[in-house]
Amino acid sequence: MELQEIRNEIDRLDKQIQSLFEERMLLCQDVARYKKAHNMPVFQAGREQQILDRVEQNAKEGLGLASRTMFANMMSISSQLQQKMLVAAEDAPNFKTPRMKEAVRVGCQGTVGANSETAAQAFFPERHIQFYPTFEQVFEAVESGELEYGVLPIYNSTSGTVTQTVDLMGKYSFFITAMNQVEVMHCLAALPDAKMENITEVYSHPQALSQCSDFLDARSLHSHDYSNTATAAKMVAESGDKTIAAICSEDCAKHNRLQILASRISNVVPNFTQFICITKDMQVAENASVISVMLSISNEPGSLSRILNKFFLYGLDMTKIESRPIRDGSFDVVFHIDFKGNLRDRSIAAFLNDLCKSCRDFKLLGNAVVMV
Ligand SMILES: C=C(O[C@@H]1C=C(C(=O)O)C=C[C@H]1O)C(=O)O
């Protein structure tokens, strides 16, 4: 057969497939009406499994997996249509809005001069900021109600995810209501009479040390982890030791009366850190635009592609996907995903209903308004 003839034949079959596909989708909408009337969930794992097994068994030689994949995708589409239909008939979701302007009990990790303080001040201008020694204590304080809002770093434009924050997210109950970003301008700070050539040891938060690794390596400086940039600067100021320095912000160096031996020493300039503002209960601003979820999926062929396909089917813009170890000795991971949207939007509600059914574990982390 000539190419054109084969293509004509494909076009003829495509017409039939499209018409059968649309007929099938209309039947699925009837199923959705039935499910609504009988209070049944859209997703029916047993029924899908039955269809997939039958399709694979009946397939022509070598086309089993291909047919199975096509039907799995078709059923994802039908679930999405049904989900949208059911949610469209429901009342619009109602959420509390954040009350950040009235908040009094606000806090972050670190001390005066830490970048977290700058971020917290940007969220809560002129408010007293309560400081905690660790990120975990900020989560605890929010969960217990000691703090109305807590501020934590989550992502740096140079070194990526702040894993200490992200790895605590499965352990505490909280909701992300806002995000902002702070330009991190690291400098090397030492005692007023210290000399660059005599410095051998540098102290700072591990994230800051990794962001300035080129500067440190080029001068063979030894780096030492410290709980945060501000406490490292304070320790250097009180040490009387002219061979040590801290990496901190210029404001922090000045606050501790330290000498700036080198400024803007990050590997990449400019260097930004994103911060999240968390609260205990679900609070969604009218203009919240980033939804964060955390999920795990079963370890079987196609499970990740099924999840990703849903974002495509609902037309959602995924802005971040990252995997983190579950940390139970296995090599299993949990995915952290951010995408654009507001929970008040019914199609987002439909999407989340649909998405969580395909996950082993699922946690909605927040819906943040982005403040810049
Ligand atoms: C159509 C249904 O809803 C969903 C979609 C299916 C399909 O497209 O065949 C099968 C099972 C359900 O997860 C149904 O329950 O029959």
Next on the checklist: Using salt bridge (charged side-chain N to carboxylate O under 4.0 Å, His left out), reason through K280 and E148 one step at a time and then give a plain yes or no.
Outcome noted: CA-CA 7 Å; K280 191 178 174 181; E148 290 164 87; over 6 Å; no
Checklist entry - Do NZ/NE/NH1/NH2 and the carboxylate oxygens of D53 and R68 come within less than 4.0 Å? => result yes
Checklist entry - What's the verdict on side chain to side chain contact (heavy atoms under 4.5 Å, CB included) for I176 and C277, showing C-alpha distance, side-chain angles and the deciding distance? => result CA-CA 6 Å; I176 304 170; C277 177; over 6 Å; no
Item to check | Closest non-hydrogen atom pair, I199 against K242 | outcome: CD1-O, 3.5 Å
Checklist entry - Same cluster for Y314 and F335 if Ile/Leu/Val/Met/Phe/Trp/Tyr side chains link at under 4.5 Å? => result yes
Item to check | Salt-bridge criterion met for E197 and R219 (N-O under 4.0 Å) | outcome: no
Item to check | Qualifying residue for side chain to side chain donor-acceptor pair (under 3.5 Å) with N156, from Q274, Q181, Q211 | outcome: Q211
Item to check | Any donor-acceptor N/O pair, T161 side chain to T163 backbone, under 3.5 Å | outcome: no
Item to check | Steps toward side-chain hydrogen bond (donor to acceptor under 3.5 Å, both in side chains) verdict (H336, E322) | outcome: CA-CA 5 Å; H336 284 259; E322 176 145 30; over 6 Å; no
Next on the checklist: So H222 and V202, do their side chains get closer than 4.5 Å, heavy atoms only?
Outcome noted: no
Next on the checklist: Quick check: F339 with F351 (ring centres under 6.0 Å apart)?
Outcome noted: yes
Next on the checklist: Quick check for you: to the nearest 0.5 Å, what is the distance between K363 atom NZ and S292 atom OG?
Outcome noted: 12.0 Å
